[in-house]
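First comes the structure, then the notes that go with it.
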Amino acid sequence: MTVRWGEKRYYSLDYYLKTTYGEKLYKISLDGGMTCPNRDGTLGTSGCIFCSRGGSGDFAESHTLSVTEQIESGKKQSAKKYTGSSYIAYFQAYTNTYASLAYLEKLYMEAILHPDIRILSIATRPDCLSTEILDLLERLNQIKPVWVELGLQTIHKRTARYIRRGYDLPVFETAVSELRRRGIDVIVHTILCLPGETKPDMLQTIQYLNRQDIQGIKLQLLHILKDTDLAEIYASDPFPVPDPQEYYELLGACISHLRPDIVIHRLTGDGPKDLLTAPLWTCNKKQVLNQLQSYFKTHDIWQGKEY
């Protein structure tokens, strides 16, 4: 293969940041103190079956702190492994456009105007993007780049119902279209190895996303976390979870079929060790990523090979 992304065989976020901004940017996870329509009774009260009590923001700073205080705390936490001075403000916990316009504008402006923040990244649901919020994001995108991460997980209706996602595929497509019309980069969160999904099912999700105007993707291996409905299901009726080699093979297939211009923001995910029930082998993230690189090289796999 022709080397396109430095030492890696895929378009990594690290490579994108270094070639676009001239340096690595450290991501600081923030908590805006929001909830989710799948938790507050609008759509449901239990959330998606895999979602932790922290709303997938288990590494975020405390929402009792101001945004500035959270950023400064995150900078201190990162000092042991990051020597740079540029950061991504990542609103991660729960649904980060699920609040009033005035509240969101205050929250986002405090983050984006911080001198050390280079990018504002917002994780949300595609059914929580009103025209007013989209217009706000467009204005913010004129100050510094704004990324919006949409939780899709899968394209398959039966799985979406099973995980209680709470919206249909056309809602996602509209959100992508409206964000891109405003020049905002879209990152899509997917989950691999959801119960009942086969390898062809997962590849169909990848092929669907190849046809969408998206700029980034997160390939998240399903994590079974304590105190979730998924953990209860797994305890009473265990379903298959992949071992490392099975996952490397699956991921290799996904990477091979993925459009080569899509930036890969995540390849496995790293759930909190105190909450993770399975698969426990994912705890050693560095080892997993090294083994993945070796697997891709040994099997001559690269992003877009089969695209």
Side-chain angles (χ1 to χ4, degrees), residues 13 16-17 20-37 39-40 54-79 82 84-151 174-189 214-216 218 263 265:
L13 175 61
Y16 168 80
L17 292 172
T20 306
Y21 294 91
E23 62 179 325
K24 178 182 177 67
L25 306 183
Y26 188 87
K27 187 178 289 185
I28 298 175
S29 293
L30 307 174
D31 188 339
M34 282 168 257
T35 182
C36 172
R39 287 176 178 266
D40 71 357
S56 298
D58 301 291
F59 296 109
E61 300 293 327
S62 172
H63 71 270
T64 60
L65 302 174
S66 70
V67 169
T68 300
E69 288 170 336
Q70 289 187 52
I71 291 172
E72 293 304 320
S73 176
K75 286 167 58 179
K76 290 177 182 176
Q77 292 291 329
S78 69
Y82 178 61
S85 59
S86 298
Y87 300 85
I88 300 170
Y90 179 34
F91 285 96
Q92 182 179 19
Y94 300 102
T95 301
N96 289 282
T97 57
Y98 194 52
S100 71
L101 185 67
Y103 178 80
L104 292 175
E105 183 166 11
K106 179 178 181 297
L107 203 70
Y108 298 156
M109 286 297 289
E110 187 174 349
I112 208 166
L113 293 179
H114 190 289
D116 296 334
I117 295 300
R118 300 287 297 278
I119 298 167
L120 175 63
S121 183
I122 300 164
T124 191
R125 295 171 56 94
D127 55 351
C128 293
L129 288 166
S130 66
T131 300
E132 293 76 17
I133 289 172
L134 287 163
D135 290 344
L136 168 62
L137 297 177
E138 183 177 19
R139 293 196 302 274
L140 293 166
N141 197 41
Q142 305 306 310
I143 302 172
K144 291 175 185 175
V146 173
W147 297 347
V148 172
E149 179 183 321
L150 300 176
T174 298
V176 172
S177 176
E178 289 299 316
L179 287 163
R180 294 302 298 141
R181 190 165 68 83
R182 292 166 171 81
I184 295 166
D185 281 6
V186 176
I187 302 157
V188 179
H189 190 282
I214 68 168
Q215 289 63 54
K218 286 185 173 180
V263 179
H265 289 238

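The shown structure was predicted, so the numbers you read here are calculated from the model rather than taken from an experiment. Position 1 is the first residue of the sequence; numbering continues from there.
Put simply, CZ on R118 and CG on L25 are 6.0 Å apart, with the number rounded to the nearest 0.5 Å. Atom-to-atom distance recorded for N141:CG and I119:CD1 is 10.5 Å, nearest 0.5 angstrom. Rounding to the nearest 0.5 Å places CG of L101 at 11.0 Å from OG1 of T131. Atom CD1 of I88 sits about 13.0 Å away from atom CG of D116, to the nearest 0.5 Å. One distance of note links CD of E110 with CD of E69; it measures 8.5 Å at 0.5 Å rounding. Atoms NZ and OG, on K106 and S66 in that order, are 8.0 Å from each other to the nearest 0.5 Å.
Looking only at distances, no side-chain donor or acceptor of Q92 sits under 3.5 Å from a matching main-chain atom of A123. Here the side chain of Y82 pairs a donor or acceptor atom with the backbone of K24 at under 3.5 angstrom. When atom types are taken as modelled, the side chain of E149 and the backbone of H189 share no donor-acceptor pair closer than 3.5 angstrom. The closest donor-acceptor contact from the side chain of D185 to the backbone of Q215 lies at 3.5 Å or more, if one exists at all. Between the Y26 side chain and the G74 main chain, no donor and acceptor come within less than 3.5 Å of each other. Looking only at distances, a side-chain donor or acceptor of T97 sits under 3.5 Å from a matching main-chain atom of C128.
Within the 4.5 Å cutoff, side-chain heavy atoms of Y94 are placed close to those of R39. Residues T124 and F91 have side chains not in contact (no heavy-atom distance under 4.5 Å, counting atoms from C-beta outward).
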List the steps, then state whether side chain to side chain contact (heavy atoms under 4.5 Å, CB included) holds for L137 with I122. CA-CA 10 Å; L137 297 177; I122 300 164; 3.5 Å; yes
For I214 and L150, what are the C-alpha separation, side-chain angles and deciding distance, and is it a side chain to side chain contact (heavy atoms under 4.5 Å, CB included)? CA-CA 10 Å; I214 68 168; L150 300 176; over 6 Å; no
When you look at M34 and N96, which way does the side chain to side chain contact (heavy atoms under 4.5 Å, CB included) test go after all the steps? CA-CA 6 Å; M34 282 168 257; N96 289 282; 3.9 Å; yes
Is there a side chain to side chain contact (heavy atoms under 4.5 Å, CB included) between L129 and E178 once you walk through the steps? CA-CA 9 Å; L129 288 166; E178 289 299 316; over 6 Å; no
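With sequence neighbours left out, the side chain to side chain donor-acceptor pair (under 3.5 Å) criterion links T35 to no other residue. Partners of I143 by side chain to side chain contact (heavy atoms under 4.5 Å, CB included), not counting sequence neighbours, listed by chain and number: M109, I112, L113, L140. Remark: K27 engages no residue in a salt bridge (Lys or Arg N to Asp or Glu O under 4.0 Å) (not counting sequence neighbours). E72 pairs by the salt bridge (Lys or Arg N to Asp or Glu O under 4.0 Å) definition with K75, not counting sequence neighbours. Looking at residues two or more places apart in sequence or on another chain, you find no salt bridge (Lys or Arg N to Asp or Glu O under 4.0 Å) involving K144. A search for side chain to side chain donor-acceptor pair (under 3.5 Å) contacts involving Y108 returns nothing, not counting sequence neighbours.
Here the shortest heavy-atom pairing between L30 and A89 reads CD1-CB, 3.8 Å.
The aromatic rings of W147 and H265 stand perpendicular to each other, their planes meeting at an angle above 60°, with 30° marking the opposite boundary.
Of the candidates T64, I28, D31, D31 is the only one forming a side chain to side chain contact (heavy atoms under 4.5 Å, CB included) with Q70.
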